[in-house]
Structures are given as structure tokens and as C-alpha cells.
Amino acid sequence: MRKLLFQSLFRQPLTEQAPRPDDAALAELAAMVGRTARRRLGRSLSIREVDAGSCNGCELEIHALSNAYYDVERFGIRFVASPRHADVLLVTGPVTKNMREALERTYRATPDPKWVVAAGDCARDGGCFAGSYAVVGGVSTVVPVDLHIPGCPPSPIAILRGLVSLLEAVDAGVAAR
């Protein structure tokens with residue numbers, strides 16, 4: 001124990017460098033999401049995040065959208081606690097058998113117009129958990145999906161780009177339900 005303590009005093013911590021995206025590009029991307037949401041919905045975009053059985057890698061990246069670096073709330077994107085207040089269901093992870101009914105209920109509780117975004121490779125097709133006895137499959141096997149955001153996990157920038165493409169498709173009438 002004493003040896004580990006002394007080693008930790010002289011060794012640098014093992015951390016990764018923070019991502020360095022272009023701040024202006026990030027601000028423009030988030031502002032575009034806000035403008036498109038206001039044009040399409042007349043108000044800000046409300047997102048309900050649903051973990052259908054993931055490893056929490058995607059949730060870490062989604063939560064990063066609300067930290068001081070990205071701060072998407074300043075652009076009119078907000079995460080809500082109830083599906084009754086949501087425009088978008090952002091679903092992560094493969095749908096487990098235990099979460100199937102909860103996801104279906106959440107989908108039914110979300111008012112129209114609503115869109116479903118599957119974030120991450122596991123949400124698309126089950127990922128490395130596909131074929132497990134506890135997994136039903138990807139999100140599209142349970143509820144209709146309007147957009148898949150690839151990645152394991154997708155970066156916050158990729159999630160923002162996905163939301164922009166969803167809103168542009170909705171604006172064009174492609175993903176409207």
C-alpha cells in the first residue's frame with residue numbers, strides 16, 4: 001500500500017486530452033439546431049433520453065451536451081424528465097427484454113409530432129449484445145426509428161449533427177409522422 005502511495009505522488013495522472021473542436025463551428029451547429037427547432041415547432045426542442053439497456057457510454061456523451069463546454073440549453077435544446085413534454089426520444093443501447101414494455105409505454109406517452117433517434121451502434125442493431133438471451137434487438141424492433149446516429153459511443157458533435165439532420169428532414173417533410 002505504501003509503495004502505491006509513493007508511486008502516485010510522483011507519477012502523472014493518466015488522462016486524455018479534451019477534444020478541441022472549432023468553437024465557432026460548434027456554436028453554429030447548435031444555433032442551427034435551435035433555429036430549425038423554432039421554425040418547425042415554434043419553440044425549443046425537448047428531448048427525453050431513454051436508456052434501453054446500454055453500457056452507459058452513450059449516456060456519458062449525451063450528458064456532455066449539457067456540460068459547460070457544449071451547453072446546448074443556450075440554443076434552445078433541453079432534456080426533459082417526462083415523455084409527455086418531449087418532441088424527441090433519444091434511445092441508447094440494445095433493447096433488453098426488461099425494457100421493451102417501458103420503451104413502448106414511453107413512446108405512446110410522447111405526444112405527436114414525435115421523433116425517435118437511436119444513438120449508438122447498440123441501438124441500431126443490438127451491437128455486441130445482439131443474439132443475447134436478454135436482448136430483444138435494436139430500437140427499431142420495438143418502436144419506429146426516424147434517425148440512427150452511428151458510433152460506439154457517438155461524440156457530442158455527432159449527436160448534434162444528427163439532430164440537425166433530423167430537423168432538416170422534418171422540415172423537408174421526410175420524417176414527419
Distance (rounded to the nearest 0.5 Å) between [X] [atom1] and [Y] [atom2]:
| X | Y | atom1 | atom2 | value |
| --- | --- | --- | --- | --- |
| Leu89 | Thr110 | CG | OG1 | 4.0 Å |
| Phe129 | Cys55 | CZ | SG | 5.5 Å |
| Arg78 | His85 | CZ | NE2 | 8.5 Å |
| Glu49 | His63 | CD | NE2 | 6.0 Å |
| Ile47 | Ser66 | CD1 | OG | 8.5 Å |
| Asp87 | Leu163 | CG | CG | 11.0 Å |

Exercise for the section: Look at the side-chain heavy atoms of Ile, Leu, Val, Met, Phe, Trp and Tyr, link any pair under 4.5 Å apart, and say whether Val135 and Val143 land in one connected group. Expected result: no

Exercise for the section: Could you state whether Trp115 and Ile62 fall into the same hydrophobic cluster, counting links through intermediate Ile, Leu, Val, Met, Phe, Trp or Tyr residues with side-chain heavy atoms under 4.5 angstrom apart? Expected result: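 Result: yes, single cluster for both.
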
Test item: [X] and [Y] side chains (from C-beta on) under 4.5 Å apart, heavy atoms:
| X | Y | result |
| --- | --- | --- |
| Glu59 | Asn56 | yes |
| Pro153 | Leu60 | no |
| Cys152 | Cys122 | no |
| Val116 | Leu147 | no |
| Glu104 | Val142 | yes |
| Leu90 | Val50 | no |
| Pro144 | Tyr107 | yes |

Exercise for the section: Could you check Val80 against Ser82 for side chain to side chain contact (heavy atoms under 4.5 Å, CB included), going step by step and ending with a plain yes or no? Expected result: CA-CA 6 Å; Val80 294; Ser82 172; 5.8 Å; no

Practice task
For Val117 and Val91, run side chain to side chain contact (heavy atoms under 4.5 Å, CB included): C-alpha distance rounded to whole Å, both residues' side-chain angles, the deciding distance at 0.1 Å, then the answer.
Solution key: CA-CA 6 Å; Val117 175; Val91 187; over 6 Å; no

